[in-house]
Amino acid sequence: MAQASTISKSAPALTLSGISKSFPGVRALHQVNLSLYPGQVTALVGENGAGKSTLVKVLTGIYQPDEGAITLDGKRVTLSSAQTAFELGITAIHQETVLFDDLTVAENIWLGHAPRKRFGLIDWAAMNEKARAVLAQMHAAHIAPETRLRELSIANKHLVAVARALSIDSRVVVMDEPTAALSAKEINELYDLVALLKSQGKAILFISHKFDEIYKIADRYTVFRDGEQVGEGHLKDTAQNELVKLMVGRSVDKVFPKHHAKIGDVVLSVSGLSHPTEFENISFELHKGEILGFYGLVGAGRTEVMKALFGMTKPSAGTIAMDDRPLAITSAEDAINAGIVYVPEERGAQGLGTGLPIFMNVTLPSLKRTSKSNVLRLKNEFDLARRYTERLDLRASSLSQDVSTLSGGNQQKVVIAKWLAMSPKVIILDEPTKGIDIGSKAAVHEFMAQLVAEGMAVIMVSSEIPEVLGMADRVIVMREGLVTAGFENKNLQPETLVRAAAGIE
Amino acid sequence: MSSETIQHRHLPDRLDKPLSAALRSWETLLAVVAVAIFIFNSFASPHFLNAWTLSDMTFNFTEKAIIALPMALLIIAGEIDLSVAAILALSSTLMGFAMQFGLGTPALVCVGIIVGLICGAFNGALVTGLGLPSIVVTIGTMSLFRGLAFIILGDQVYKNYPDGFEYFGQGYVAWVISFELVLFLAFAALFGFLLHFTTFGRRLYFIGRNPVSAQFSGVNVKRMKFILFCLTGVMSGVASVLLTSRLGSTRPSIAQGFELEAITMVVLGGVAITGGAGSILGVVLAALIMGLVTFGFGLLNVPGIVMSIFVGMLLIAVIALPILWKRFVWVLKK
Amino acid sequence: MLNTLLKSRESLLAAAIIVLIAAVATRFPGFAAPSSLAQAFNDTSILIILALAQMTVILTRSIDLSTASNLCFTGMAVAMLNKAHPELPIVVIIVVSLLWGLALGAFNGLMVWKVGIPPIVVTLGTLTIYRGLTFVLSGGAWVNADKMSPAFIEFQRQSLLGIPVLSWIALLVIAAFWLFLRNTKTGRDIYAVGVNPTAAVYTGIDVGRTKFIAFCISGLVSGLAGYLWISRYVIASVEVANGYELNVIAACVIGGISIAGGVGSVAGAMMGALFLGLIGLALPVINVSPFWQLAISGAAILVAIILNARGEKTKGRLILKRATAA
Amino acid sequence: AQAENLKVGLLVKSLGNGFFDAAHKGADNAAKELGDTEVIYTGPTKATAEGQIEIINSLIDQKVGCIAISANDPDAVVPALKKAMDRGIKVISWDSGVNEKGRLLHLNPSDTGLIGETIIKLAADYLPDGGEVAILSAASTAANQNSWIDAAKKVLPEKFPKIKLVDVVYGDDDSAKSTDVAKGLLKAHPNLKAIIAPTTVGVVAAAQVVTDAGLIGKVNVTGLALPSEFKKFIDNGASQAVALWNPIDLGYSATQLCHDLTVGKAEAKPGAELSIGKVGKIKLDDHNTAAMAPPFQFDKKNIEEFSKIY
Ligand SMILES: Nc1ncnc2c1ncn2[C@@H]1O[C@H](COP(=O)(O)OP(=O)(O)OP(=O)(O)O)[C@@H](O)[C@H]1O
Ligand SMILES: Nc1ncnc2c1ncn2[C@@H]1O[C@H](COP(=O)(O)OP(=O)(O)OP(=O)(O)O)[C@@H](O)[C@H]1O
Ligand SMILES: [Mg+2]
Ligand SMILES: [Mg+2]
């Protein structure tokens, strides 16, 4: 511990002072200060929309701050472009995966600083070789540098993003929610990597909504609220609820509210559902008032099953019945009419009409109700949208704000509001709190509790064990496209789930 | 967490007033441009301010504008149809072909529209059924459809359309108000209503912005796109009736280059080529502007190609100005 | 191995070309003779280099509708230059055509980069503007063969090692594009920008600048094609290559260049152009009625893109053991 | 130009074509002679009927006295021309005709039958043993080309039995397309002895193709050509001879006719004999059609001289 304090007294590698950044109508950052120290991990926490990702973009030269100064190793620098930041040794793993699907792994790692031959021509052989070395260093030798990125799993893609950050001798490494898309094993590998970077004396900024991991790997913290820096310090001196209080402005005590809904009859029964390449023989029943958790490692095929239930992919065999009546679901429209709705995993790509206002997004599936014989009624739409967005405590300037300017968590709220407005019978939530801050997480969970209390049935796909254990009544575990186990959530131990998901007997 | 502890923030409907938003809109800019050209024309040519001249002017754009209307919806939904002119030629050819069997005017109109529908459905099926990009598909079908017209008609001509058929392209509803103009305005109102006031129109914007999420929200994206291609085909058929009637004859080479002019109208009208934004009013104003420019310059005997420089510059300038202006204001604020 | 070969778009296309040649040869044996094929390559040279230029733009998720107008304008400019100064050496003509084309391409690029207008809109505008300017420049008059100097006309027809200079130029351009797109930083940036523009920004690539460069290249090559076209068809008029931009795009599409950007190869573009060119050359030879030719090439384009799309369909992830084994 | 001036709209197939530019020269000469006439030389950029109709409408609204059109399509422009006549404008066609309903009279540059015969004769004169010939035309819709080709086909069997017409192809008066189809002709018909191109654009393209293919002396290119544009190919031997009428005279005559019809000096009815100024007189046939002059032949002997004129 003594060592840690001497390091913290050493000069910061990077200092941001008085940084502000505004977008039309939004003040994303206001006079924030932040210091990153070599060999230390600083955790940046804050609610959705607090300005964390904006800060990352300022740090990596993607956005230019309206005011403020950036000092790197005691020298003032201007990060006029992403290239400049990169050349100065600031690298980042961004919140959205920002890679090139149609380029090879090696190129994804080396794009922009590829090894050159004579006449400045790119040396492909050297590039592949160096990529292999970087990947080996990260224990990811199973990824061949020559493969097209498109062919990798999402987790492996993430590793490539990390490899890119390691491919130069960086001073500062920024990670914006790097574990949101990873499964337990990969998360642990990532922690090892962070430790390695730390030991190499790099300054690390780590953004996460998961407090357990923050406490596990970070040394210092900085808290943002509404674009302002509201606190910083050493984690070892700070308790978790203090952090939460700083973040949210109030205490959040029940992240997993107990719900006491009466579990009723079977609403949905699925039997023998199969798909040629993604899953096989999936059978389960879902009861009224029940939260059914689907657990598995990332890539286990849960999303594909849910997409089939929602009519987005065509199963090759099997039946779906609701209230004992068989359902023929061939499109999302059918599913919605039957009372099944789906909050997808990738909210930007699958959940939102980016560029369109909040209220239109919320009312899209409800248009039949808000319109009169297909003629729009704007007032009805605003009323409906307001009712549900306010219930979810959406942070926005108005109902006409473009959803693409909302932070990730608030975007998720818009998607949920859209489906709540439909009063469905079955609501499928795929990774509902991925990338969502603790306050909103509690709100979403609270909502799930309310939903089942109102007699709805909920399927919750989640890769987070605490969430599964905290919320689900029953848990189904999937692995490689098959259901491997089912549990009542009574005295269920995390290890049991992990074993079932990983296939360890 | 109990709900009393949360203070719900009230979300207003919108921040800016509807009126000020309208004043700053694209359509206002277009209207100003149209008025300016109108005034310029009235000074430049002594013949311009004349009811018949203005009436003749409308023939320069009505047929293309009738195609531009569904094209606007199609582009808003993120697709495009380059084959419209070829559809027009094929449907005109088949109308002529049908005429040889003694079909009367109403039947010929049906033939024209149905051929348009079939062609549109063919495009739509290729785009939605096989998931091919529409720009690519319609580059192929523009050769195919016109090629079929050439196969049928070769170097021949169909003429002597039945009595009454000439009304569509040459008739006047009242005084100088031509049938084509009335039809165009009626369709403009219809498409405007469809796009801006119905659930169909609303869904279009979503499809244009993000087709995947629209699908995840229960919008039947493929069916809607298919309908739009059919609609574009049908309207090309309608335009075909008008043009055939106006020319009184059919050759496979008619309506060359109409597709780019219709698309120019749509884009000039403020419809985002990337999909998801645009209005019918804008398209109507753009059609009017193109008519004013081409006919006004025609009265001065400026060669058509020189006008096209003007139209091209107008297209770029009208799209560049708001962007530059916004940037300028932003810099001033700082 | 065979499987991947079969799947690759380029080999499919190569096969299609061979089938096409063979089919024509059954009805007209002379068509497959080496000299005739070399001739066909020469005839398709201009389309090939235009397709390569267009591909570069399409790779960045843009499109250049103004290539044919650029070609027309530049061609007229150099033809008039030649008419006024027949003594100027051909090098000067070529340099002028390159620079003239470059300037026109740069204008497109600047509008896209600095003003932020979508490429299709800019080039839809310049499509008419450049052709209109040709009229203004020439006053509408044509420049005919007899007004052009012999050197101007004959340069591309001279033969070097038995191959016409025009074919050499095409080969040179193909090689240059191959090297540029594969082995230079800018070339790779062009792909990256098309694959994922957001990621490109995050990687420090200036997306606007990269598009600008692509448009400059397109303009440069279109300018060169302008001189080649005019000296080949020995007439410069406002109507030169009217509507040809769609042929060029069709060639790219047949060559498997994804209109959504980021996917496409030099070999693909080249073969797409060859395929389209060969159809145009073959149909009259085997005595297909001229009235059938348009429909046939339309159908060929459709078949090609449908096949391309088939090749592109991914098989899914095969997470099931059973499916993986099968 | 005073307001009282009589305005004549000289509407051509497309602008920039050397043939029509020459006709424009003639029209201006006529206007100068007449004194009270003003010529509006106009035409679409692309040779389409739609383009011509837009111009017809604008000529109507400019209140011209007469429209003299060389039409891209003999039928499609008829309704627009009828409208012009309804509004009191005299309409004549020249060079490429319009259907009877759409004009008062049509001035053929020459006699259709004669042109048809001439273009075949030009080829036959240099083929004493006969052989295969092919025609490279303009657009498949071009009325004048089509009528000449028909006339040519008619005289073939009786007057030129040894000449075999193997193909008719269309280059759309587009130099690139004409080049491509000419190439196709040479490939498809290895024994071809002559290409007949009754269009000034096509004939140049065909001659260039023959030159490039090294077939000078083997394949003779002939047809209708402007001497100024074609001199090169007579000189290099790709062509032995071509023919054409004088486009300057044609423009001149059309303008004269327009003027006379508008001021009421002449009336268009079958059998009428009308003066065309210094060019002479024409006589209208049953379809109100008249021919201006026989086609004139250019070869090695006279091309030099005429290439300086048009
Ligand atoms: N390009 C933009 N235009 C307008 N507003 C923006 C833009 N980018 C971000 N914002 C706004 O800036 C604020 C900060 O967003 P930011 O993405 O930095 O939040 P965050 O802290 O990363 O949230 P999360 O935890 O959900 O990722 C939000 O209110 C967001 O709506
Ligand atoms: N390598 C990949 N390439 C393309 N798409 C992928 C890839 N991996 C996963 N996907 C798709 O992304 C989505 C989410 O993938 P994910 O890895 O989460 O698998 P999943 O099927 O959702 O399994 P689970 O939900 O159990 O994690 C799915 O629609 C899946 O088809
Ligand atoms: Mg963020
Ligand atoms: Mg998933």
Relative to chain D, which segment of Ile254(B) carries a heavy atom at a distance below 4.5 Å: side chain, backbone, both, or neither?
both

Can you name the side-chain contact (heavy atoms from CB on, under 4.5 Å) partners of Pro303(B), sequence neighbours left out?
Ile305(B), Val306(B), Phe135(C), Leu15(D)

Is the number of heavy atoms from other residues, nucleotides or ligands under 6.0 Å of Asp163(B) CG greater than 12?
no

How long is the span from the CD1 atom in Ile40(D) to the CG atom in Asn301(B), to the nearest 0.5 Å?
4.5 Å

Could you measure the distance from the CG atom of Leu59(D) to the NE2 atom of His47(B)? Nearest 0.5 Å is fine.
10.5 Å

Side chain from CB out, backbone as N, CA, C, O: work out which of these in Phe150(B) comes under 4.5 Å of a heavy atom of chain D, or both, or neither.
side chain

Who passes salt bridge (Lys or Arg N to Asp or Glu O under 4.0 Å) against Lys25(D), sequence neighbours left out?
none

If I measure from the heavy atoms of chain D, does Asn50(B) come under 4.5 Å with its side chain, its backbone, both, or neither?
side chain

When rounded to the nearest 0.5 Å, the distance separating CG of Asp56(B) from CD1 of Ile56(D) is 11.5 Å

Value for CZ (Phe59(B)) from CG (Asn57(D)), rounded to nearest 0.5 Å, stands at 7.5 Å

Distance col, row Ser253(B):OG vs Asp73(D):CG, nearest 0.5 angstrom, shows 6.5 Å

Does Lys64(B) come within less than 4.0 Å of Glu54(D), counting only side-chain N to carboxylate O?
yes

Could you tell me if the side chain of Asp75(D) sits less than 4.5 Å from the side chain of Leu247(B), heavy atoms only?
no

How many angstroms lie between atom CZ of Arg251(B) and atom OG1 of Thr48(D), to the nearest 0.5 angstrom?
13.0 Å

